[in-house]
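Residue numbers start from 1 in every chain, and the chains themselves are labelled A, B, ... in the order their sequence lines are given, proteins ahead of strands.
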2 protein chains.
Amino acid sequence: MADPQNRYPTILKRLRENDHKLTPQRLAIAKILARSQGHPSVETIHQMLSVEFPTMSLATVYRNVLLIKSLGEVLELGFAGDSNRYDGNKPYPHPHVVCVKCKTIIDPDLESLKDMTAEVSAETGYTILSHRVDFFGICRACQARNR
Amino acid sequence: MADPQNRYPTILKRLRENDHKLTPQRLAIAKILARSQGHPSVETIHQMLSVEFPTMSLATVYRNVLLIKSLGEVLELGFAGDSNRYDGNKPYPHPHVVCVKCKTIIDPDLESLKDMTAEVSAETGYTILSHRVDFFGICRACQARNR
DNA sequence: TTTTCTGCAAATGCTTTGCATGGGA
DNA sequence: TCCCATGCAAAGCATTTGCAGAAAA
């Protein structure tokens, strides 16, 4: 499983292995995905790079995020009525806890997830390939703020 | 919590309470949502009604699904890169198992979900309000089909 | 009759694609 | 040099909205 410490070199290696050219734009996008903790959207990535690459088009961001996703090196998170968010730091399925007030997203370690996957498989007969497990609630800070 | 047996009368009552007119199209859409086991998309609902209402527009389906959702009587499921699916039979959050081949969605009964919610709350300090728990895999039929 | 609802078409908003030019290797 | 990648604009999709006529209450 991907090591969060070495994500950028790993993605670089995968790009090279698959004979993709290492353009400045591509490298910059890969770096943001590799290091991001905040599950950025394509729009956000584009804005983050607007100083370094004033003429870079949104299409380039879309194409490269998609490319890196196709290499299995980024996790795509779709939210109803919102643009997709991406996680290249932990590119494998994992649970999220989202604060509905401040939108902070954190990644909990859930011991019970393996058991649940087994339970699903046993009950339904499906071969389980991946999951999307999100909890929505109110974080400690927002709870305190509302007192 | 909504009783799966009485969903249609319940939705009807909610529409009346809020002074919405009971047009034939609206009633037909409500009935499909109330009884559906298959998490239909707007497109699917439109097709299901195309015999009874040959001139009904997609916009009417969208508007009415949204209306019933605003009354809290249908659960909306967004999937990345796919159209939304709707569940008016169990309009509260619950886990799903999705076949990535044929898109069939079923509702497993997961004993471990309560425990997991408790674990999330304990580990993160968040007050958990709702969840979105989906598993993706291959259903029995599609497994057989691929042999 | 009054007001909402419907059907149609146009408009959104996000994402993808075609094409000509530019730039890695 | 040879292609792939980029920027731009146009095209795609799912969904929403404006509008005028139709239908519920």
Side-chain angles (χ1 to χ4, degrees), chain A residues 11-33 39-71 73-86, chain B residues 11-33 39-71 74-86 103:
Chain A
I11 296 177
L12 229 64
K13 188 173 140 233
R14 302 277 288 122
L15 285 169
R16 266 196 265 263
E17 280 171 4
N18 290 273
D19 299 317
H20 297 293
K21 295 182 177 171
L22 304 183
T23 66
Q25 295 94 326
R26 179 164 291 165
L27 296 180
I29 293 164
K31 191 171 293 185
I32 286 181
L33 288 174
H39 306 78
S41 64
V42 163
E43 184 67 39
T44 302
I45 295 172
H46 185 248
Q47 282 172 18
M48 287 195 278
L49 294 174
S50 63
V51 175
E52 195 179 351
F53 302 92
T55 67
M56 185 166 63
S57 76
L58 260 181
T60 294
V61 183
Y62 274 108
R63 275 189 282 233
N64 280 292
V65 169
L66 229 59
L67 170 66
I68 297 173
K69 179 186 157 201
S70 78
L71 298 174
E73 298 298 333
V74 70
L75 179 71
E76 183 180 58
L77 298 176
F79 291 97
D82 248 310
S83 27
N84 292 344
R85 311 278 289 266
Y86 296 88
Chain B
I11 297 177
L12 227 64
K13 188 173 139 234
R14 303 275 290 121
L15 285 169
R16 266 196 266 264
E17 281 171 2
N18 290 274
D19 300 316
H20 296 293
K21 295 183 177 173
L22 305 181
T23 66
Q25 295 95 326
R26 178 163 292 165
L27 296 180
I29 292 164
K31 191 172 292 186
I32 286 180
L33 288 174
H39 307 78
S41 64
V42 163
E43 184 67 41
T44 303
I45 295 171
H46 185 247
Q47 282 173 16
M48 289 195 276
L49 293 174
S50 64
V51 176
E52 195 179 352
F53 301 90
T55 68
M56 186 165 65
S57 77
L58 259 181
T60 294
V61 184
Y62 274 106
R63 276 190 281 234
N64 280 292
V65 168
L66 228 59
L67 170 66
I68 297 173
K69 178 188 158 200
S70 77
L71 298 174
V74 70
L75 179 72
E76 182 180 57
L77 299 176
F79 293 97
D82 246 310
S83 26
N84 291 344
R85 310 278 291 262
Y86 296 89
K103 311 291 182 191

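For the pair L58(B)/V42(B), a side-chain contact is recorded, criterion being any heavy-atom separation below 4.5 Å from C-beta on. With a 4.5 Å cut-off on side-chain heavy atoms, V74(A) and I11(A) do not count as touching. Two residues are said to be in side-chain contact when any heavy atoms from C-beta on lie closer than 4.5 Å; M48(B) and P40(B) meet this criterion. Within the 4.5 Å cutoff, the side chain of I29(A) has heavy atoms near those of the M56(A) side chain. Looking only at side-chain heavy atoms (C-beta outward), N64(B) and L33(B) stay at 4.5 Å or farther from each other.
Contact annotation for N84(A): backbone-only contact, meaning every heavy-atom pair under 4.0 Å involves sugar-phosphate atoms and none involves a base. Residue contacts for E43(A): at a heavy-atom cut-off of 4.0 Å it reaches no nucleic acid atom on any strand shown.
In DNA chain D, runs of at least 3 consecutive Watson-Crick or G-U pairs, each pair with both distances below 3.5 Å, span C:1-25 with D:1-25.
In this structure, CD1 on I68(B) lies 13.0 Å from CD on E76(B), to the nearest 0.5 angstrom. In this structure, CG on L15(B) lies 6.5 Å from NE2 on H20(B), to the nearest 0.5 angstrom. How far CZ of R14(B) is from CG of L12(B): 12.0 Å, rounded to the nearest 0.5 Å.
The two residues L49(B) and A28(B) make their nearest non-hydrogen contact at CD2-CB, 3.8 Å. The two residues S41(B) and T44(B) have their closest heavy-atom pair at OG-OG1, 2.8 Å.
For the pair I45(A) CD1 and dC14(C) C1', the computed distance is 14 Å after rounding to whole Å. Protein atom CG of N18(B) is 16 Å distant from nucleotide atom C1' of dA25(D), rounded to whole Å. Between L67(B) atom CG and dC5(C) atom C1' the separation is 11 Å, expressed in whole Å. Atom CG in D82(B) sits roughly 13 Å away from atom P in dC13(D) (whole-Å rounding). For the pair R85(B) CZ and dA14(D) C1', the computed distance is 14 Å after rounding to whole Å. Rounding to whole angstrom units, CG of residue L27(B) and P of dC5(C) are separated by 12 Å. Summarising the geometry, the separation between NE2 on H46(B) and P on dA14(D) is reported as 14 Å, rounded to the nearest angstrom. Between K69(A) atom NZ and dT16(C) atom C1' there is a gap of 12 Å when expressed in whole angstrom units.
Near DNA chain C, meaning a heavy atom under 4.0 Å away, the residues from residues 49-64 of chain A are A59(A), Y62(A), R63(A).
When atom types are taken as modelled, the side chain of H46(B) and the backbone of T60(B) share no donor-acceptor pair closer than 3.5 angstrom.
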Checklist outcome for this item: Counting primed atoms, P, OP1 and OP2 as sugar-phosphate and everything else as base, the B/S/- map of nucleotides 20-25 of chain C against protein heavy atoms under 4.0 Å is ---BBS

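Dashed line: the shortest gap from a side-chain N or O of Q25(A) to OP1 or OP2 of dG7(D) is under 4.0 Å.
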